[in-house]
Amino acid sequence: MTTITHRKNPTKPIHIDIPASDAPVEELNDFYWTDHQEPHTIRRKLILKKYPEVTKLCGPEPLTKYIIFFVVALQLSVAYHLRNKSFFSWEFFLLSYIIGATANQNVFLAIHELSHNLAFKKPLHNKLYAIFTNIPIGIPYSASFTPYHQLHHKYLGDDTLDTDLPTYYEAIILSNVAGKSFFATFQIFFYALRPMFITQIKFTYIHLLNIIVQLFVDYLIVKFWGAKALLYLVFSSFLAGSLHPCSGHFIAEHYILNPPKTYNRTTDAPPLETYSYYGILNWFTWNVGLHNEHHDFPYIAWSKLHALNEMASEFYDDLPRHDSWVMVILDFVTDGRVKLYNRVRRENKKERHIN
């Protein structure tokens, strides 16, 4: 038994059972494996039973496409402004970090909204508009994101189909301060590259169109504005998934930052695996912070998630939540209890190849 003092409440020490240094690796490091059903399906049924009118909140938000158009135009305008600026100048970096990273995080999450068909009624229109939305990212992304994200919702925590989960190699190598710092800095690459190594999806004409359109626009930008304009867009995408306040949502959504002292898969229910955030950064990120609400009802648009929370407040008020995405990143990196293993995981019961 080890006693530690929490920096936020030093008057109440915490007692933790820490395995011996020669304990089996399975005891020292492992995910929170469970056979329990993911909680969102259960809570959705309970909410629908008590509040059947919640279905009226489902459906596209017409305002979404106009906001996306503005953000895309903003990013292209800044790229044009920086076309002759040095990449190593303070102006280039500050505009990339303050405007570019925030705008491209907005773009990433706009594609997330479109993946749920929440801007237009027809799925094809959402897919095509997602290709347009992709333009400020600089690399093709939208067509691949949609099917992988749908799997994340349908098979939350699945060992093979939920590519949001870190792999064993990531968990083994990066579950220390240096490794977590590296992960937090370069997490955009983990989320972009990890899926293709875990689960294969069918290549479609939407993927091809996404690639063609993005490369053509990139060519036009370089030809008429210069390489630095395109570099601004790509650098903004990197910063959006790096040490930026808005990128805290990647970690905040499903990592267990307050792990239980002990856990037995056979006798214990798994820790809470989804966490919400209700702070000001939701203004820039399509209310993605309301993540329990989103997983409960993925076909409710960003603009109505607060209405869902208010309607069914008794289902959400007592759930643990994050108060700051910045502190989430800091705690993730510095807290020794927090590792990349701190995710709820379920055994795969489906086929590895998704058509």
Side-chain angles (χ1 to χ4, degrees), residues 31 75 79 87 92-93 96-98 100-112 115 130-131 133-152 159-201 203 207 210-211 214-215 218 227-228 230-255 285 288 325-326 328-330 332-334 338-343 345:
F31 295 93
Q75 276 295 75
F87 174 74
F92 197 104
F93 178 80
S96 297
Y97 189 84
I98 297 171
T102 306
N104 271 15
Q105 185 63 251
N106 182 279
V107 165
F108 283 130
L109 293 168
I111 292 172
H112 168 256
S115 75
I131 294 174
T133 307
N134 196 132
I135 287 174
I137 295 175
I139 58 175
Y141 163 80
S142 65
S144 296
F145 172 80
T146 297
Y148 282 122
H149 185 67
Q150 293 294 346
L151 290 174
H152 167 64
D159 188 34
T160 298
L161 299 179
D162 185 358
T163 57
D164 188 73
L165 289 169
T167 64
Y168 273 101
Y169 295 107
E170 293 172 59
I172 292 170
I173 297 171
L174 302 176
S175 289
N176 52 69
V177 173
K180 290 185 291 182
S181 298
F182 180 86
F183 179 83
T185 303
F186 298 99
Q187 60 182 316
I188 191 68
F189 295 113
F190 288 91
Y191 287 105
L193 299 176
R194 182 194 297 142
M196 66 183 68
F197 291 102
I198 299 176
T199 300
Q200 292 76 47
I201 59 174
F203 188 86
H207 291 82
N210 186 198
I211 293 170
Q214 189 63 53
L215 294 182
D218 289 350
K228 292 175 184 174
L230 179 60
L231 181 60
Y232 162 75
L233 297 177
V234 175
F235 189 48
S236 295
S237 296
F238 166 73
L239 292 174
S242 185
L243 300 177
H244 186 276
C246 291
S247 74
H249 82 87
F250 288 121
I251 296 169
E253 290 165 359
H254 297 293
Y255 276 91
T285 56
V288 74
W325 279 342
V326 174
V328 162
I329 297 174
L330 182 62
F332 174 79
V333 171
T334 61
V338 179
K339 305 176 181 181
L340 271 74
Y341 288 104
N342 287 27
R343 294 288 298 267
R345 204 173 188 109

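The first residue in the sequence is number 1, and the count goes up from there.
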_Closer than 3.5 angstrom, by distance alone: can the side chain of K180 be matched with the main-chain N or O of V338 as a donor-acceptor pair?_
yes
*Do you know the tightest heavy-atom contact between I198 and T160?*
CG2-O, 3.1 Å
*Identify the two heavy atoms, one from L340 and one from L174, that lie closest to each other, and give their separation to 0.1 Å.*
CD1-O, 3.8 Å
*Can the ring centroids of F238 and F186 be said to lie less than 6.0 angstrom from one another?*
yes
*Distance-only, no hydrogens or angles: does the D218 side chain make a donor-acceptor pair with backbone N or O of I139 under 3.5 Å?*
no
*Just do the side-chain contact (heavy atoms from CB on, under 4.5 Å) check on R343 and D164 with the steps written out, would you?*
CA-CA 10 Å; R343 294 288 298 267; D164 188 73; 2.7 Å; yes
*Which atom pair, heavy atoms only, marks the closest approach of N210 to N134?*
ND2-OD1, 3.5 Å
*asked:* If you define the side chain from C-beta out and look only at heavy atoms, does anything of T285 sit under 4.5 Å from N106?
replied: no
*Starting from the C-alpha separation in whole Å, work towards a yes-or-no answer on ring-ring contact (aromatic ring centres under 6.0 Å, His included) for H152 and H112.*
CA-CA 12 Å; H152 167 64; H112 168 256; 8.9 Å; no
*Do R194 side-chain atoms and T163 backbone N/O form a donor-acceptor pair below 3.5 Å?*
yes
_Heavy-atom pair with the smallest gap, counting every atom of I135 and Q214_ = O-NE2, 3.2 Å
_Check: F108 ring centroid to F145 ring centroid under 6.0 Å_ = no
_T199 versus Y148, closest heavy-atom pair with distance_ = O-OH, 2.7 Å
*Considering residues at least two apart in sequence or located in another chain, which fulfil the side-chain contact (heavy atoms from CB on, under 4.5 Å) criterion with I329?*
A184, L243, S247
*Roughly how far, to the nearest 0.5 Å, is the NE2 atom of H244 from the CD1 atom of I188?*
12.0 Å
_Looking at L239, is its backbone amide N or carbonyl O close enough to the side chain of S242 to form a donor-acceptor pair, meaning the two atoms are under 3.5 Å apart?_
no
*How long is the gap from CD on Q75 to CG on N104, to the nearest 0.5 Å?*
4.5 Å
_Can you classify the ring geometry of H249 versus W325 as parallel (below 30°), tilted (30 to 60°) or perpendicular (above 60°)?_
tilted
_For the student: nearest non-hydrogen atoms of P140 and I211, plus distance_ = CG-CA, 3.8 Å
*With distance as the sole criterion, is a donor-acceptor pair present between the side chains of Q105 and T102 under 3.5 Å?*
no
*Residue of the set F183, F250, F197 for which ring-ring contact (aromatic ring centres under 6.0 Å, His included) holds with F190*: F183
*Trace of the side-chain contact (heavy atoms from CB on, under 4.5 Å) decision for L151 with D162*: CA-CA 6 Å; L151 290 174; D162 185 358; over 6 Å; no
*Distance, nearest 0.5 Å, that separates OH of Y341 from OH of Y168*: 7.5 Å
_I'd like to know if the side chain of D159 reaches the main chain of R345, judged simply by a donor and an acceptor atom lying under 3.5 Å from each other, with no hydrogens or angles considered._
no
*Distance from I137 atom CD1 to S237 atom OG, nearest 0.5 Å?*
5.5 Å
*Straight-line distance of H207 NE2 to S144 OG, nearest 0.5 Å*: 4.0 Å
*Could you state the interatomic distance from CG (L231) to OG (S236), rounded to the nearest 0.5 Å?*
9.0 Å
_Test your reading of the model: is there a side-chain donor-acceptor pair from T133 to the backbone of V107, 3.5 Å cut-off?_
no
